[in-house]
Amino acid sequence: MSSSSPSPAAAAARLDLDGNPIAPLTICMIGAGGFIGSHLCEKLMAETRHVVLAVDVYCDKIRHLVDPAPPHLAGRISFHRLNIKNDSRLEGLIKMADLTINLAAICTPADYNTRPLDTIYSNFIDALPVVKYCSENSKRLIHFSTCEVYGKTIGSFLPKDHPLRKEPEFYVLKEDESPCIFGPIVKQRWSYACAKQLIERLIFAEGAENGLEFTIVRPFNWIGPRMDFIPGVDGPSEGVPRVLACFSNNLLRREPLKLVDGGQSQRTFVYIKDAIEAVVLMIENPARANGHIFNVGNPDNEVTVRELAQMMTEVYANVSGEAPLDEPMIDVSSSQFYGEGYDDSDKRIPDMTIINKQLGWNPKTPLKDLLETTLTYQHKTYKEAVKRQMSQASSTS
């Protein structure tokens, strides 16, 4: 038997956090072909006996699992190519499953400004049928939201030198207590956060009024291999991915890393494999997870975006053997980089009390270690393709 497939005895011996045997589930995973979905599919296939109905418009990142499924996974994972906006098959797949996981979203900051309508539709309107079908058919739902729903911290409204800015209660974000504060309407960057917050409220209301069993996940910057795309290689040439892929692209091309507004925003980062362990705990412990909103992040991995750029520059030099540029970073304004209407959050530290109490989960991987793993993957996967693309561009210019 393959080493990625558990033995029947081992699978039967798996217990939940309360010591009960874990029965195999059929899971409808919407957005299974993306960054998070691909890692979650791999984890479920390697360590559990659950069945996955993988729903997405593309399967590149899970092709090794579904095209075709390897013999040892036959009957355990199937790919269903559909767009949840307008496909009548969606309700049938949700009915077939015990649990639906909704990962589908437009979630790249560059899109919040330039495609606010698509962003709002993707994250609210398109999610409505998923919630409706789960509620009407008494199916459990794990919905992926975002730490963006918190918006700005209370501390960000205090003067920069105010002593209270350093008090945790003004910047640590708690699922059941922290307010969700956004910028003005003209700052379209908040289109994503508002849509995500509204679908959270609707899910919570379905639970309160109609008994929907739900769990809401708020990821705090999950990073690792297969995150986002490298422009012009496995994504649009003009596209702007999220920060890790954006900086990776600069490093691969030996270009200075662009720091938006000086890179002073603060973020925490968590390794995708740590975060996926938290999701599996939610899947397999409904009695502990239902009705909860969970922050999933790593408060110990906090840096400014400028510090992240410095770390990535150093780690990539070690991984690639290439010396850093003389000027490895340049500052750009948010309007130059994202266009007018961009606004940013200041500092996001997740409070981990609820997930630790309910699921006993804590992240393990330090930031430097996860950057080394990720940049090794980026270099190995993309360096030659980027080199070819740059060579073609220079020959046609």
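Since the model is a prediction, treat every value here as computed from it, not as a measurement. All values below come from the heavy atoms of this structure, side chains included, with hydrogens, waters and symmetry mates left out.
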Within the side chain of Asn301, is there an N or O that forms a donor-acceptor pair under 3.5 Å with the backbone of Leu367?
-> yes
Going hydrophobic residue to hydrophobic residue with side-chain gaps under 4.5 angstrom, can you get from Phe229 over to Leu251?
-> no
Give the intermediate values and the outcome of salt bridge (charged side-chain N to carboxylate O under 4.0 Å, His left out) for residues Glu314 and Lys368.
-> CA-CA 10 Å; Glu314 292 167 11; Lys368 188 165 184 184; 5.7 Å; no
Short question: side chain of Asn137, backbone of Lys139 - any donor-acceptor pair under 3.5 Å?
-> no
Do we see a donor-acceptor contact under 3.5 Å between the side chains of Gln197 and Arg201?
-> yes
At what distance, to the nearest 0.5 angstrom, does OG of Ser145 lie from CD1 of Ile293?
-> 8.0 Å
Does Leu25 share a hydrophobic cluster with Leu65, counting links as ILVMFWY side-chain heavy atoms below 4.5 Å and allowing steps through other members?
-> yes
Heavy-atom pair with the smallest gap, counting every atom of Asn123 and Lys196 = OD1-CE, 3.2 Å
Where is the tightest heavy-atom contact between Thr146 and Arg218, given as atom of each residue plus distance?
-> O-CG, 3.7 Å
Could you tell me the separation between the CG atom of Leu15 and the CG atom of Asn285, rounded to the nearest 0.5 Å?
-> 10.5 Å
Determine whether Ile22 and Val51 fall in the same hydrophobic cluster, where Ile, Leu, Val, Met, Phe, Trp and Tyr are linked whenever their side-chain heavy atoms lie under 4.5 Å apart.
-> no
Asp111-Thr119 side chain donor-acceptor pair, cut-off 3.5 Å = no
Just grab all the ring-ring contact (aromatic ring centres under 6.0 Å, His included) pairs involving residues 256-301, residues at least two apart or on different chains.
-> His292-Phe294
Go through the steps for Cys28 and Lys95 under the test side-chain contact (heavy atoms from CB on, under 4.5 Å), then give the verdict.
-> CA-CA 9 Å; Cys28 176; Lys95 281 182 175 180; over 6 Å; no
Close side-chain approach of Ile101 and Phe144, heavy atoms under 4.5 Å = yes
Check: Asp228 side chain, Ala245 main-chain N or O, donor-acceptor pair, under 3.5 Å = no
Between Ile230 and Asn249, is any pair of side-chain heavy atoms under 4.5 Å apart?
-> yes
Is any NZ, NE, NH1 or NH2 atom of the basic residue among Glu322 and Arg254 found under 4.0 Å from an Asp or Glu carboxylate oxygen of the other?
-> yes
Hey, does the side chain of Glu307 reach the backbone of Thr304 with a donor-acceptor pair shorter than 3.5 angstrom?
-> yes
Evaluate the side-chain proximity of Leu281 to Gln358: yes if any heavy-atom separation is below 4.5 Å, no if none is.
-> no
Going by heavy atoms in the side chains, are Leu90 and Ile30 under 4.5 Å from each other?
-> yes
Is the shortest side-chain N to carboxylate O distance from Arg348 to Glu148 below 4.0 Å?
-> yes
Take Lys152 and Phe157, measure what side-chain contact (heavy atoms from CB on, under 4.5 Å) needs, and give me the verdict at the end.
-> CA-CA 8 Å; Lys152 295 170 176 284; Phe157 293 92; 3.9 Å; yes
Hey, is OH on Tyr121 packed in by over 12 heavy atoms from elsewhere, all under 6.0 Å?
-> no
Report the distance from atom OG1 of Thr365 to atom CG of Asp300, rounding to the nearest 0.5 Å.
-> 11.5 Å
Name all pairs fulfilling the ring-ring contact (aromatic ring centres under 6.0 Å, His included) condition that reach into residues 359-395, sequence neighbours left out, sorted by first residue then second.
-> Tyr316-His379
Donor-acceptor under 3.5 Å (Arg89 side chain, Arg81 main chain) | yes
Nearest atoms (heavy-atom pairs only) where Arg165 meets Leu158 | NH1-O, 2.7 Å
If only atom types and distance count, is the side chain of Arg76 paired as donor or acceptor with the main-chain N or O of Leu44 below 3.5 Å?
-> yes
Output for pair (Ile125 CD1, Asp118 CG), nearest 0.5 Å, gives 12.0 Å
Mark yes or no for whether Ser38, through its side chain, and Phe35, through its backbone, hold a donor-acceptor pair below 3.5 Å.
-> yes
For side-chain contact (heavy atoms from CB on, under 4.5 Å), just list the numbers for Ile349 and Gln266, CA-CA rounded to whole Å, side-chain angles, deciding distance to a tenth of an Å, and then say yes or no.
-> CA-CA 9 Å; Ile349 305 294; Gln266 292 165 283; over 6 Å; no
Check Ala32 against Ile62 and note the closest heavy-atom contact, atom names and distance.
-> O-CG2, 3.6 Å
Is a side-chain N or O of Asn221 found less than 3.5 angstrom from the main chain of Thr268, in a donor-acceptor match?
-> yes
Considering only heavy atoms from C-beta outward, does the side chain of Asp274 approach that of Leu370 to under 4.5 Å?
-> no
Cut-off 3.5 Å, side chains only: do Gln336 and Ser333 have a donor facing an acceptor?
-> yes
Decide whether Ile216 and Ile354 are clustered together by the hydrophobic rule: side chain heavy atoms of Ile, Leu, Val, Met, Phe, Trp, Tyr closer than 4.5 Å, transitively.
-> no
Short N-O contact, Arg14 and Glu47, less than 4.0 angstrom | no
Let me know which of Arg388, Lys387, Lys380 forms a salt bridge (Lys or Arg N to Asp or Glu O under 4.0 Å) with Glu384.
-> Lys387
Is any side-chain heavy atom of Phe214 closer than 4.5 Å to a side-chain heavy atom of Ser135?
-> no
Should Ile355 and Met282 count as side-chain neighbours, where that means a heavy-atom distance under 4.5 Å?
-> yes
Are any non-hydrogen side-chain atoms of Met96 and Leu93 less than 4.5 angstrom apart?
-> yes
Might you confirm whether atom CD of Glu372 has over 12 heavy atoms from other residues, nucleotides or ligands at distances under 6.0 Å?
-> no
Check the surroundings of atom NZ in Lys383: do more than 12 heavy atoms from other residues, nucleotides or ligands lie under 6.0 Å from it?
-> yes
Hey, is Asp331 close enough to Arg306 for a salt bridge, meaning N to O under 4.0 Å?
-> yes
Among Met29, Lys43, Met45, Glu284, find the residue that satisfies the side chain to side chain contact (heavy atoms under 4.5 Å, CB included) test when tested with His50.
-> Glu284
Write down the atom of Thr374, the atom of Gly224, and the distance for their closest heavy-atom approach.
-> OG1-CA, 3.2 Å
With sequence neighbours excluded, tell me which residues meet side-chain contact (heavy atoms from CB on, under 4.5 Å) with Pro109.
-> Tyr112, Arg242, Tyr338, Tyr342
Main-chain N/O of Gly262 paired with Gln264 side-chain donor or acceptor, under 3.5 Å | yes
Which atom of Thr108 lies closest to which atom of Val240, heavy atoms considered = CG2-O, 3.0 Å
Report the distance from atom CG of Leu325 to atom OG1 of Thr313, rounding to the nearest 0.5 Å.
-> 8.0 Å
Do side-chain atoms of Lys258 reach the backbone of Phe337 as a donor and acceptor pair under 3.5 angstrom?
-> no
Path from Leu198 to Val217 over hydrophobic side-chain contacts below 4.5 Å | no
Given Asn295 and Phe220, is the side-chain contact (heavy atoms from CB on, under 4.5 Å) satisfied, shown in steps?
-> CA-CA 7 Å; Asn295 289 338; Phe220 279 70; 3.4 Å; yes
